[in-house]
There are 2 protein chains.
Amino acid sequence: MQRKTTQRTAIEQVFDREDRPLGIDEILRLGRSQVESLNQATVYRNLKLLLDKGWLAQINHPAMGVLYERAGKGHHHHFHCRDCNRVFELPGCTLNQQAAAPEGFVVEDHEIFLFGVCPSCAASSE
Amino acid sequence: MQRKTTQRTAIEQVFDREDRPLGIDEILRLGRSQVESLNQATVYRNLKLLLDKGWLAQINHPAMGVLYERAGKGHHHHFHCRDCNRVFELPGCTLNQQAAAPEGFVVEDHEIFLFGVCPSCAASSE
DNA sequence: GTCGTTGCAAAGCCTTTGCAGGGAA
DNA sequence: TTCCCTGCAAAGGCTTTGCAACGAC
């Protein structure tokens with residue numbers, strides 16, 4: 001049976017608090033502000049455990065590499081802000097999936113990454 | 001000045017011949033069928049050189065990791081066949097970029113990855 | 001003969017794993 | 001007391017780099 005540890009709890013809280021896809025470095029940094037001794041290996045092990053459990057999902061971002069986000073949010077896409085370098089989850093989907101590929105291709109799924117400036121950066125640069 | 005070597009020529013020919021995004025392993029394997037002694041370090045060095053030169057472009061595929069493709073093909077997307085595991089370049093773009101994100105987000109660019117079955121695999125499975 | 005390139009091996013990243021000690025139940 | 005979990009360090013992959021020999025020009 002799985003036990004409740006301060007380390008795993010800290011990692012889970014980081015995701016709940018940030019509510020956006022996070023990279024290993026951020027998870028480790030934010031987690032350490034809560035549990036100073038938090039080890040990198042522990043983070044990796046818990047991320048894997050939370051993935052298997054279905055609590056987290058993994059995404060491979062074109063510019064940011066591997067990121068982790070809360071699972072179970074349904075189909076959505078990602079936005080990467082070139083200013084603050086954060087990745088946001090965008091609800092909804094406007095893509096006509098089958099129309100996106102030429103005749104002959106059977107499209108079953110897709111992923112979209114958007115790049116630009118997020119609302120808070122856009123506001124602060126005016 | 002840059003010199004013409006059999007190794008670099010072999011790598012370039014692999015891309016011309018396949019005409020699709022390739023991973024390191026494929027480049028190395030296909031290149032070795034032409035230049036037996038082709039070394040991994042040489043491939044990495046030449047890929048970097050061809051990237052800097054603007055002859056190649058790098059893509060970070062969600063499922064396939066880092067891939068390389070001929071540069072200068074204009075805006076396009078990628079299709080990954082779950083049968084043959086190859087990645088194809090799809091011309092055109094049907095996405096209304098700004099409509100894909102909520103109010104406040106300034107969208108400047110995007111990338112789309114499609115997943116499914118390619119025409120040749122779809123035909124052979126019937 | 002230059003000096004850009006190559007092959008080999010060593011070194012760097014990032015991630016995973018082995019192990020003994022520690023802590024949740 | 002059990003045995004899951006953690007920290008540390010070593011080991012694995014993949015990519016880059018140092019170096020001497022090679023070969024394009």
Side-chain angles (χ1 to χ4, degrees), chain A residues 1-16 21-69 71 80 85-87, chain B residues 1-16 21-69 71 80 85-87:
Chain A
M1 190 40 211
Q2 190 186 98
R3 289 173 186 171
K4 185 175 183 175
T5 65
T6 57
Q7 287 86 341
R8 184 175 308 130
T9 302
I11 293 171
E12 290 168 351
Q13 288 178 352
V14 166
F15 282 98
D16 285 337
L22 299 169
I24 299 285
D25 49 329
E26 287 179 299
I27 300 166
L28 188 60
R29 187 171 48 76
L30 295 168
R32 276 188 176 152
S33 67
Q34 206 167 322
V35 179
E36 213 183 322
S37 69
L38 187 59
N39 189 279
Q40 220 165 337
T42 303
V43 172
Y44 278 110
R45 274 189 285 234
N46 276 299
L47 290 177
K48 193 162 198 299
L49 187 154
L50 292 168
L51 282 175
D52 293 345
K53 205 172 143 185
W55 197 86
L56 280 182
Q58 197 177 45
I59 60 181
N60 194 339
H61 188 280
M64 305 283 287
V66 177
L67 301 178
Y68 297 84
E69 67 183 14
H80 178 209
N85 235 40
R86 288 181 299 178
V87 175
Chain B
M1 193 38 211
Q2 189 186 100
R3 288 171 188 174
K4 185 173 183 174
T5 66
T6 58
Q7 287 87 342
R8 185 175 307 130
T9 302
I11 293 171
E12 289 168 352
Q13 288 179 353
V14 167
F15 281 98
D16 285 337
L22 299 169
I24 298 285
D25 49 328
E26 285 180 299
I27 300 166
L28 188 60
R29 186 169 50 75
L30 295 168
R32 275 188 177 152
S33 67
Q34 205 167 323
V35 179
E36 215 183 321
S37 69
L38 187 59
N39 189 280
Q40 219 165 335
T42 302
V43 172
Y44 278 111
R45 274 188 284 234
N46 276 299
L47 290 177
K48 194 163 197 299
L49 187 153
L50 292 168
L51 282 176
D52 293 346
K53 203 173 145 185
W55 196 85
L56 281 182
Q58 197 178 46
I59 61 182
N60 193 339
H61 188 280
M64 306 282 288
V66 177
L67 301 178
Y68 298 83
E69 67 182 13
H80 178 208
N85 235 40
R86 286 181 299 178
V87 175

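The figures that follow rest on heavy atoms only: side chains count, while hydrogens, waters and symmetry mates do not. Lettering of chains follows the sequences in order, A, B, ..., and the numbering in each one begins at 1.
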Quick check on [N]: is either OP1 or OP2 less than 4.0 Å from any side-chain nitrogen or oxygen of [X]?
X: A:T42; N: D:dG7; result: yes
X: B:Q7; N: D:dG23; result: no
X: A:N39; N: D:dT6; result: no
X: A:T5; N: D:dT6; result: yes

Using side-chain heavy atoms (C-beta onward) and a distance below 4.5 Å, is [X] in contact with [Y]?
X: B:T9; Y: B:V35; value: no
X: B:H61; Y: B:V66; value: no
X: A:K53; Y: A:L50; value: yes
X: A:L49; Y: A:W55; value: no
X: A:M64; Y: A:N85; value: yes
X: A:R8; Y: A:E12; value: yes

Please tell me which of the listed nucleotides, D:dC25, C:dT6, D:dT6, lies nearest to the side chain of A:N46? D:dT6
Want to settle it: does B:V66 or B:Q2 sit nearer the 5' end of DNA chain D, counting the closest nucleotide to each? B:V66
5'-most contact on DNA chain D: B:A41 or B:K4, nearest heavy atom basis? B:A41
Kindly check if the number of other-residue, nucleotide or ligand heavy atoms within 6.0 Å of CD (A:Q2) is above 12? yes
In whole angstroms, how far is the [atom2] atom of [N] from the [atom1] atom of [X]?
X: A:K48; N: D:dG12; atom1: NZ; atom2: P; answer: 18 Å
X: A:L50; N: D:dC4; atom1: CG; atom2: P; answer: 17 Å
X: B:L47; N: D:dT16; atom1: CG; atom2: C1'; answer: 13 Å
X: A:I11; N: D:dC5; atom1: CD1; atom2: C1'; answer: 11 Å
X: A:L38; N: D:dT6; atom1: CG; atom2: C1'; answer: 10 Å
X: A:L28; N: C:dC13; atom1: CG; atom2: P; answer: 17 Å
X: B:N60; N: C:dC14; atom1: CG; atom2: P; answer: 15 Å

Contact class for B:Q40 vs. all strands (heavy atom < 4.0 Å): base, sugar-phosphate, or nothing? base
Is it the case that D:dG7 (base atoms only) and A:R45 (side chain only) share a donor and an acceptor within less than 3.5 Å, ignoring hydrogens and angles? yes
Indicate, yes or no, whether a donor-acceptor pair under 3.5 Å links the base of C:dC3 to the side chain of B:R3. yes
Can you name the closest pair of heavy atoms from A:Y68 and A:Q58 and give their distance? OH-NE2, 3.2 Å
Closer to the 5' end of DNA chain C via nearest nucleotide, is it A:T6 or B:R8? B:R8
Interface with DNA chain C, restricted to residues 29-37 of chain A and to heavy atoms under 4.0 Å: none
